[in-house]
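Quick caveat, the model's predicted, so the values are computed rather than measured.
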Amino acid sequence: FRSLLLFGFLAAISMSRMMKKIKYNSVKIIISTLVIVLAVPTTFGLLYQFYSNKPLAKVSAAELSALNFLKTTNPDSVILIAPYNQYNQNKDGTPPVPIYDWSDTGYIAALSGRITTISDTQQIDIMGYDFKNLLSARDAAFADKTGSLLSAFVKNYKVDYIYLNKGEDGSDYSKLSMEKVYTNSEVNIYRINK
């Protein structure tokens with residue numbers, strides 16, 4: 001995509017230089033009209049392709065309701081989300097799938113306006129942050145069925161809420177002092193009592 005953008009700029013510069021060398025306005029108008037006429041069909045084709053395809057992922061109304069609940073919490077709240085599990089995906093696989101099944105994205109932080117621990121690891125990696133220790137600690141905390149590591153993780157990273165999509169409840173939460181503050185058909189949200 002970067003090369004297409006670069007070639008687009010180079011083509012515009014070349015076209016501008018070529019137009020300056022042409023002496024007759026009628027020739028300039030013909031060339032300009034030809035370029036525009038040739039560009040319009042591809043533009044409409046791209047628009048049709050972009051807007052006619054089904055989306056790959058969705059955020060359901062139930063999940064939006066849960067994210068709106070998070071917006072009502074303290075703006076400095078830290079939300080712990082379960083690790084993305086690529087093997088726990090939508091069974092029939094037909095798009096659109098729930099966004100938490102599609103990829104590890106930062107949609108919870110983006111749509112709630114709250115800090116999450118840890119999401120959208122691809123972007124974090126691209127930005128050059130050292131996140132491997134945090135990621136492995138979070139993954140180990142959720143993998144530990146006794147709840148001991150999760151309890152330590154919550155205290156260490158000052159987590160205020162745990163956000164879990166249905167099917168992500170796998171750890172023993174009895175070691176955590178918390179209460180379920182929001183639930184619907186797709187999401188459970190727990191508040192950590194401090």
Shortest non-hydrogen contact from [X] toward [Y]:
| X | Y | value |
| --- | --- | --- |
| N184 | A62 | ND2-O, 2.7 Å |
| A82 | L164 | CB-CD2, 3.9 Å |
| I22 | K28 | O-CE, 2.9 Å |
| N193 | E179 | OD1-OE2, 3.5 Å |

**Prompt:** Is there a donor-acceptor pair closer than 3.5 Å between any side-chain N or O of S151 and the backbone N or O of S148?
**Reply:**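 No; judged by distance alone, with no hydrogens or angles, the pair does not exist.
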**Prompt:** Salt bridge check: are E186 and K166 linked by an N-O gap of less than 4.0 Å?
**Reply:**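 Looking at E186 and K166, the cut-off is not met.
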**Message:** Who clusters with L46? Use side-chain heavy atoms, under 4.5 angstrom, across I, L, V, M, F, W and Y, and order the result by chain and number.
**Reply:**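 In the cluster with L46 there is nothing else; it is isolated.
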**Request:** Give the other cluster members for L149, using side-chain heavy-atom distances under 4.5 Å between Ile, Leu, Val, Met, Phe, Trp and Tyr residues; answer none if it is isolated.
**Result:**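 So far as hydrophobic clustering goes, L149 is joined with none.
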**Message:** Quick check: Y48 with F44 (ring centres under 6.0 Å apart)?
**Reply:**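 Distance test on ring centres: not under 6.0 Å, no.
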**Request:** Verify the distance criterion only: is there a donor paired with an acceptor across the side chains of E63 and N165 at less than 3.5 Å?
**Result:**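 On atom types as modelled, these side chains qualify, holding a pair under 3.5 Å.
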**Qualifying side chain to side chain donor-acceptor pair (under 3.5 Å) pairs, either residue in residues 115-127, two or more places apart** =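 Matches after skipping sequence neighbours: D104-T121, T116-S119.
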**Message:** With side-chain contact (heavy atoms from CB on, under 4.5 Å) as the criterion, how do L111 and K71 come out once you've worked through the C-alpha distance, each side chain's angles and the decisive distance to 0.1 Å?
**Reply:** CA-CA 8 Å; L111 296 176; K71 285 182 182 179; 5.7 Å; no
